[in-house]
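Here's the structure we're looking at; comments come further down.
These numbers were taken from a predicted model, which means no experiment stands behind them. So that the names make sense, note that chain A is the first sequence line, chain B the second, and so on, each numbered from 1.
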There are 2 protein chains.
Amino acid sequence: MTALTIHEAATTTGWSPRMLRYVEQLGLVEAPRSAAGYRLYGPAQLQRLRTLRALLDEHGLELGDVGFALRLRREPALAGALDDWFDETPAPPRTTGSPGAPVPDADWLAFEQAKHQQLLDR
Amino acid sequence: MTALTIHEAATTTGWSPRMLRYVEQLGLVEAPRSAAGYRLYGPAQLQRLRTLRALLDEHGLELGDVGFALRLRREPALAGALDDWFDETPAPPRTTGSPGAPVPDADWLAFEQAKHQQLLDR
DNA sequence: GCCGCCCTGACAGAGCGCTGTCAAGGTCGG
DNA sequence: CCGACCTTGACAGCGCTCTGTCAGGGCGGC
């Protein structure tokens, strides 16, 4: 099938083989493996690599930045902690019933949903 | 009122004066200024500095990471581009009416709202 | 008026991220 | 079977981030 080796994928996407392994190590584009362990780059992976490059160029990002964004998606607790910190400043948002207790943590999903709902209600 | 100089704020929060200026430069904690330009740290800023330290320690973050998270909040286009890239992989999401055109960009907010709505609908 | 703190700007060094390159060994196609 | 490719692991250098420190000048309280 249409599956390229790492060297072929590198030349067609503009990355270097070394960088393709690094990108995979960051968890950004993981190529399936052959029985012998060779990385196999299919159309999906190639597309992903090209759009990744465009993303970096367009917004002046680095791979580490995208890696951090990935971490935000994999660790919702981290994303929630950041949300809380950024929302902390303006005013005591505890206008709803529950007082200032640090969120029972079981209600965390509902808490985040409420926050997203606020985003939608505008 | 209760407003500390940068040196006092540093000793009570555990940061160094240098780092307080750096944190401000990153846009994370900005202290109001006196008429002469002195930074004035009130309770709000002190609280923010302490919780910032806790945030870093708890999740093993660096200041630059939080700075990047701030950038994500200030540049919704960047956040949207990352969302799109991460959502790109699983399946062709163009199941709704509009074909593969790169989103008319005026509908961008609605597009993101729809995506958030999917998050809420679970 | 003086001494101590504040400001900005700059330089410096430690550390880390990114990228290339090499080594030792396995796999594949002619 | 041989040459070209792949694997992982390691090391090296460039550049950037982070943090401290210093210089030159202003502000403030005793």
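The separation between Ile6(A) atom CD1 and dT7(D) atom C1' is 9 Å, rounded to whole Å. Atom pair Tyr41(A):OH and dT7(D):C1' shows a separation of 12 Å (rounding to whole Å applied). If you measure from atom CG of Asp65(A) to atom C1' of dT17(D), you get 12 Å, rounded to the nearest angstrom. The interatomic distance linking Leu20(A) (CG) with dT8(D) (C1') rounds to 16 Å, in whole Å. Between Tyr38(B) atom OH and dG4(C) atom C1' there is a gap of 9 Å when expressed in whole angstrom units. Atom CG of Leu40(B) and atom P of dC27(D) are 15 Å apart (whole Å).
The backbone N or O of Gly42(B) lies less than 3.5 Å from a partner atom in the side chain of Gln45(B), making a donor-acceptor pair. At least one donor-acceptor pair closer than 3.5 Å links the side chain of Arg48(B) to the backbone N or O of Trp85(A). Using a distance-only test at 3.5 Å, with no hydrogens or angles considered, a donor-acceptor pair links the side chain of Asp65(B) to the main chain of Glu62(B).
Among the candidates Thr51(B), Thr13(B), Thr2(B), Val29(B), the single residue satisfying the side chain to side chain contact (heavy atoms under 4.5 Å, CB included) test with Leu46(B) is Thr13(B).
The CD atom of Glu24(A) sits 5.5 Å away from the OH atom of Tyr41(A) when rounded to the nearest 0.5 Å.
The closest side-chain heavy-atom distance from Leu49(B) to Thr12(B) is not below 4.5 Å. Between Leu78(A) and Arg71(A) there is a side-chain heavy-atom pair separated by less than 4.5 Å. Between His59(A) and Leu82(B) the shortest side-chain heavy-atom distance does not fall below 4.5 Å.
Across residues 24-34 of chain B, not one residue has a non-hydrogen atom less than 4.0 Å from an atom of DNA chain D.
Remark: Arg50(B) is not positioned above the aromatic ring of Trp15(B), lacking an NZ or CZ atom under 6.0 angstrom from the ring centre and at most 45 degrees off the axis.
Checking dG20(D), dC28(C), dC27(D) against every side-chain atom of Ala36(A), the shortest atom distance belongs to dC28(C). Among the nucleotides dG20(D), dT8(D), dC7(C), the one closest to any side-chain atom of Arg21(B) is dC7(C).
The nearest heavy atom of DNA chain C to Ala35(A) and to Pro17(A) marks one nucleotide each, and the one closer to the 5' end goes with Pro17(A).
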Let me have a per-nucleotide readout for nucleotides 12-17 of chain C, 5' to 3', with B, S or -, counting only protein heavy atoms under 4.0 Å.
------
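Look at Thr5(A) and you won't find any side-chain N or O under 4.0 angstrom from OP1 or OP2 of dC5(D). In this structure, Arg39(A) does not reach the dC6(D) phosphate: none of its side-chain N or O atoms is under 4.0 Å from OP1 or OP2.
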